Each structure stands twice: as C-alpha cells, then as structure tokens.
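Bear in mind the structure is a predicted one, so any value in this text is a computation, not a measurement.
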Amino acid sequence: NSWSTRASIPLGGAANGAVIGGRFYVGVGHFNGSTPDHRLYAYSPVTNKWTAKAAPDVVGSTVKVFLNGRPRLFTAAADRSAMFTP
C-alpha cells in the first residue's frame, strides 16, 4: 500500500495504458489550446525511462487486446480508433 516515484513522462495530459512484454505503454492526449497532441510512450522499469513510440492519431481509453494471438494496444475516442503493435 504505497506509491513510488518514477521518471517523469515526457508529455503530460490525460493518459491510459497497458502492459505488454514487461513494458508499460501509455497513450497521452494533450491539448495545446484547441490543438490535440497525441503521444505513445513505453516505460521500462529496468531503466526507469520512457521511450517515445509511434504516435496515434487519437488517444482515448487504451487497452491490451490479442489479435491473431499477438498482444496489441487498442485506443478509441468518439468515432476514431487506432491499434499499436509493439
């Protein structure tokens, strides 16, 4: 029952994530005024560092799904969706 501080995520905002292969993937939706800026980061607990990944064009609720037996991330907001293969 305790929290431990980790490396700061490079871009703050509404975030959702899931774990795949020992890495924590986080989709971040950041708004600069009225312009959305969506990012995806992978966190490594071994190095305590975030790595930028290919940015989705939408960030909503992010969940791990399996497609053809492989883990992927799925995110959706409103009528838009995206899928990420690590």
Side-chain angles (χ1 to χ4, degrees):
N1 271 353
S2 65
W3 290 89
S4 58
T5 302
R6 300 290 183 224
S8 296
I9 196 162
L11 179 73
N16 287 281
V19 174
I20 296 177
R23 289 189 171 229
F24 182 46
Y25 291 88
V26 175
V28 178
H30 176 82
F31 289 90
N32 184 8
S34 62
T35 305
D37 185 8
H38 306 299
R39 305 284 177 96
L40 180 66
Y41 298 103
Y43 175 77
S44 169
V46 174
T47 62
N48 189 36
K49 292 185 180 182
W50 294 95
T51 303
K53 298 296 181 183
D57 63 352
V58 61
V59 172
S61 296
T62 302
V63 296
K64 178 170 62 173
V65 298
F66 286 87
L67 185 62
N68 297 328
R70 294 193 56 209
R72 300 168 196 251
L73 294 177
F74 176 78
T75 186
D79 64 346
R80 298 172 59 200
S81 65
M83 191 169 296
F84 176 78
T85 304

Thr51 and Tyr43, any side-chain heavy atoms less than 4.5 Å apart
no

Ile20 reachable from Phe84 in the ILVMFWY side-chain graph, under 4.5 Å edges
yes

Same apolar cluster (I L V M F W Y, side chains within < 4.5 Å links), Val26/Val19: yes

Requested in this report: Spell out, as yes or no, whether a donor-acceptor pair under 3.5 Å connects the side chain of Asn16 to the backbone of Gly27.
Outcome: no

> What is the ring orientation for Trp50 with Tyr41, classed by angle as parallel under 30°, tilted 30 to 60°, or perpendicular over 60°?
Replying inline: perpendicular

Check: Okay, side chain of Thr85, backbone of Arg72: is any donor-acceptor separation there less than 3.5 Å?
Finding: no

Minimal heavy-atom distance between Pro56 and Arg39, with the atoms involved, is CD-C, 4.0 Å

Closest non-hydrogen contact found for Ala55 with His38 is CB-O, 3.3 Å

For Asp57 and Ser81 the tightest heavy-atom approach is OD1-O, 4.4 Å

When every non-hydrogen atom of Pro86 is compared with those of Arg70, the smallest separation belongs to O-NH2, 4.0 Å

Checklist entry - Is the backbone N or O of Ala7 less than 3.5 Å from a side-chain atom of Asn48, with the two atoms forming a donor-acceptor pair by type? => result yes

key: Verify same cluster id: Val28, Phe24 (apolar side-chain graph, 4.5 Å)   = yes

- Answer yes or no: is there a side-chain heavy-atom contact under 4.5 Å between Leu40 and Thr62? no

Discussion item. Does any part of the side chain of Leu67, heavy atoms only, come nearer than 4.5 Å to the side chain of Met83, both counted from C-beta?
Written reply: yes

